Amino acid sequence: MTVLRLTLLLVSLFPSLVEARPHPIAKERPASLDSGYHAFHGDIRQSGPEIGNPADNINVWNYAAEWHGGIEKQPADYFHENFPYVRYVQLMTAVGGSEQRDLFKDPLDRSVTDDYDFSPLIRACRNIVGQGLIPHLKLGNVPLKYSADPEISKDFGVNVRPPYDYGLWHGYIKAMMQTLVEEFGEKQVQAWRFGVITEYENKSWFSVDDDPEKTKDAYFKLYDYTVDALEQVLGKNICVGAHSMTVSEGLWDERQLIAHCARGKNNCTGKTGTRLDFLAASYYDERPGKQVVGSASFVETIDHLRATAIKEGFDQVFYGIDEGRILNGLDGKSLFPRAVGQTWQAAYDARMYRMMLDADIDYFSHWAYTSHGILPGVPSVSDQASALFYKMDGSVRLPLEHSAGEKLAGEDVGAVAAWDKHKRKLYLLVYAYSDSLHHTATREISCVISGIKSKSGELSAVRSLISDDSNFFDEWLADRERMGITADDFGWSSDSFVIQPPTLKDGKHVAFFNSRVPFYRSRAQVHPVQEMLEVKDGELHIQTDIPLHGVMLYEITVE
């Protein structure tokens with residue numbers, strides 16, 4: 001009999017043992033016995049803040065590629081059925097910056113500046129709205145013919161220069177909003193979100209001769225004119241904010257925008273201040289388990305903005321991550337879509353969501369969820385982790401005490417407990433993160449929730465586990481080895497879970513993967529298990545094991 005089982009037996013025989021704090025399950029087990037042991041204790045009568053949906057955003061690099069064509073072949077409930085947690089779709093660089101993105105009949109004809117053609121944007125927004133989702137438009141970059149001397153960014157392929165006449169830009173945005181209102185109605189467009197350029201202090205996105213002061217002043221002006229154009233058409237009932245890089249050093253201090261919006265002179269109206277409803281940042285790790293050298297941590301990235309916002313009186317803004325996760329795979333190549341296919345990613349995401357709850361961060365925008373991006377393919381463990389976390393949306397978080405054996409370097413085993421009194425559902429989500437993608441082990445979990453009533457002494461629970469058994473990627477790795485597909489056959493990282501061009505370079509390899517999609521789908525399924533959990537003297541007892549990199553959710557029906 002293990003020490004844990006002996007402890008549980010003693011608790012059941014001598015209920016008075018549970019009255020003291022810390023909880024005896026955590027207290028009586030010597031830490032030296034088992035470094036893989038973790039105990040949690042909560043009380044259903046001690047509630048915390050409401051849990052939101054941290055995975056409600058997805059971002060799009062090229063909306064013409066992703067929200068024209070293929071998505072139009074899907075039924076109207078495709079997102080609801082497959083990605084029910086997604087609510088907002090961010091269209092990056094939505095309105096200009098290159099010949100392909102500029103919304104004109106002739107983007108290169110500088111003799112006419114109002115030959116607007118908003119149909120590509122309208123088509124994408126129509127498809128987003130048709131899926132029951134809400135567009136989030138990044139209003140940038142500046143069209144080529146609105147800049148006196150356009151400069152194309154080597155990193156992103158868009159014009160980084162400001163307009164030579166901000167009135168032209170103002171008219172462009174105003175006309176765009178009027179056209180969108182004609183198409184979708186004022187009330188609906190007012191519910192959308194708007195931003196002004198991606199990573200506004202990143203010189204690869206917006207710059208005036210790489211000069212910090214000139215660039216900052218030009219961006220303030222662009223932001224002010226954009227917000228005024230929005231308000232002239234949509235009124236004050238809108239949501240507009242700004243996306244900075246923040247995770248690493250930019251050309252100028254991004255916090256200066258917050259101060260400008262609070263008390264600076266508005267370049268468009270001449271009044272004091274400019275509307276600011278949310279602040280977003282980017283967050284990337286270098287590779288699995290390794291932070292970018294010299295960069296801020298995940299929580300530091302947002303706290304850097306939050307401290308200034310509170311100081312400047314913006315105590316009602318919300319915070320999010322507009323793009324991010326992991327830059328490169330273990331092979332050193334860029335990940336597509338900034339996430340790995342290995343089960344490790346599930347624990348990474350769950351841990352990130354837990355940190356977001358701790359730090360009051362509203363959302364983290366992902367790039368894709370299946371082997372085919374957002375189109376029907378093989379679900380990733382990122383999809384599975386987001387779906388499990390989404391089950392707790394709207395419930396109330398319960399504080400948890402956590403005790404464990406000897407702390408193991410590079411590991412973070414954590415949990416989130418939640419209570420939905422309307423559904424009479426108690427949730428416990430557990431993850432086992434390691435900074436080593438290939439480390440394998442099992443961790444023993446014990447959890448006691450106090451304040452539970454049960455006439456029968458048992459409660460019904462559904463347990464769902466994300467592990468290698470619910471992931472297709474290990475089968476894909478085995479198939480790659482069998483077929484002789486190596487890292488050299490990939491244009492992007494071979495750790496990527498999107499298995500389509502440009503990830504795989506050779507068409508015959510793509511065809512092979514696609515031929516195996518039905519099999520991979522059969523392997524990419526979480527299989528919920530029904531369990532009965534003991535309730536003794538007002539305490540619910542959960543005892544289980546979780547593999548490293550795994551994510552587990554208990555959904556418990558309370559009488």
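We number each residue from 1, following the sequence as shown. Quick caveat, the model's predicted, so the values are computed rather than measured.
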Checklist entry - By side chain to side chain contact (heavy atoms under 4.5 Å, CB included), which residues pair with E300, not counting sequence neighbours? => result A296, S297
Sub-4.5 Å side-chain heavy-atom contact between [X] and [Y]:
| X | Y | answer |
| --- | --- | --- |
| Y223 | T274 | yes |
| T370 | P376 | no |
| F298 | M352 | yes |
| L139 | L230 | yes |
| S153 | W205 | no |
| V95 | M176 | yes |
| V129 | Q188 | yes |
| M245 | E254 | no |

Side-chain donor-acceptor pair under 3.5 Å between [X] and [Y], yes or no?
| X | Y | value |
| --- | --- | --- |
| S386 | D383 | no |
| N59 | H136 | no |
| Q232 | D228 | yes |
| Q345 | D349 | yes |
| Y283 | S295 | no |
| Y348 | D285 | yes |
| Q384 | S470 | yes |

NZ or CZ of [X] within 45° of [Y] ring axis and under 6.0 Å:
| X | Y | value |
| --- | --- | --- |
| K145 | F104 | yes |
| R306 | Y319 | yes |
| R521 | W476 | no |

Taking [X] first and then [Y], would you say they form a salt bridge - that is, a charged N and a carboxylate O separated by under 4.0 Å?
| X | Y | result |
| --- | --- | --- |
| R516 | D479 | yes |
| E312 | R255 | no |
| R161 | D209 | yes |
| R275 | D277 | yes |
| D217 | K221 | no |
| R480 | D489 | no |

Next on the checklist: Let's go through E286 and I326 carefully: what are the C-alpha distance in whole Å and the side-chain angles of both, what is the deciding distance for side-chain contact (heavy atoms from CB on, under 4.5 Å) to 0.1 Å, and is it a yes or a no?
Outcome noted: CA-CA 6 Å; E286 175 63 34; I326 308 161; over 6 Å; no
Checking the side chain of [X] only, and the main-chain atoms of [Y] only, is there a donor and an acceptor separated by less than 3.5 Å?
| X | Y | result |
| --- | --- | --- |
| E475 | R523 | no |
| S282 | G324 | no |
| D77 | H80 | no |
| N53 | Y390 | no |
| T269 | K271 | yes |
| D331 | S493 | no |

Ring centre gap for [X] and [Y] strictly below 6.0 Å:
| X | Y | value |
| --- | --- | --- |
| F220 | W252 | yes |
| Y520 | F513 | yes |
| W192 | F184 | yes |
| F497 | W492 | no |
| F83 | Y78 | yes |
| Y369 | Y85 | yes |

Item to check | Derivation and outcome, side-chain contact (heavy atoms from CB on, under 4.5 Å), residues L305 and T246 | outcome: CA-CA 8 Å; L305 299 171; T246 301; 3.8 Å; yes
Next on the checklist: side-chain hydrogen bond (donor to acceptor under 3.5 Å, both in side chains), that's the test. Do D224 and N267 meet it? Break it down for me.
Outcome noted: CA-CA 6 Å; D224 293 346; N267 291 279; 2.8 Å; yes
Item to check | Test side-chain contact (heavy atoms from CB on, under 4.5 Å) applied to L279 and F314, step by step | outcome: CA-CA 10 Å; L279 287 165; F314 287 111; over 6 Å; no
Item to check | Plane angle bin for W61 and F156 - parallel if under 30°, tilted between 30 and 60°, otherwise perpendicular | outcome: tilted
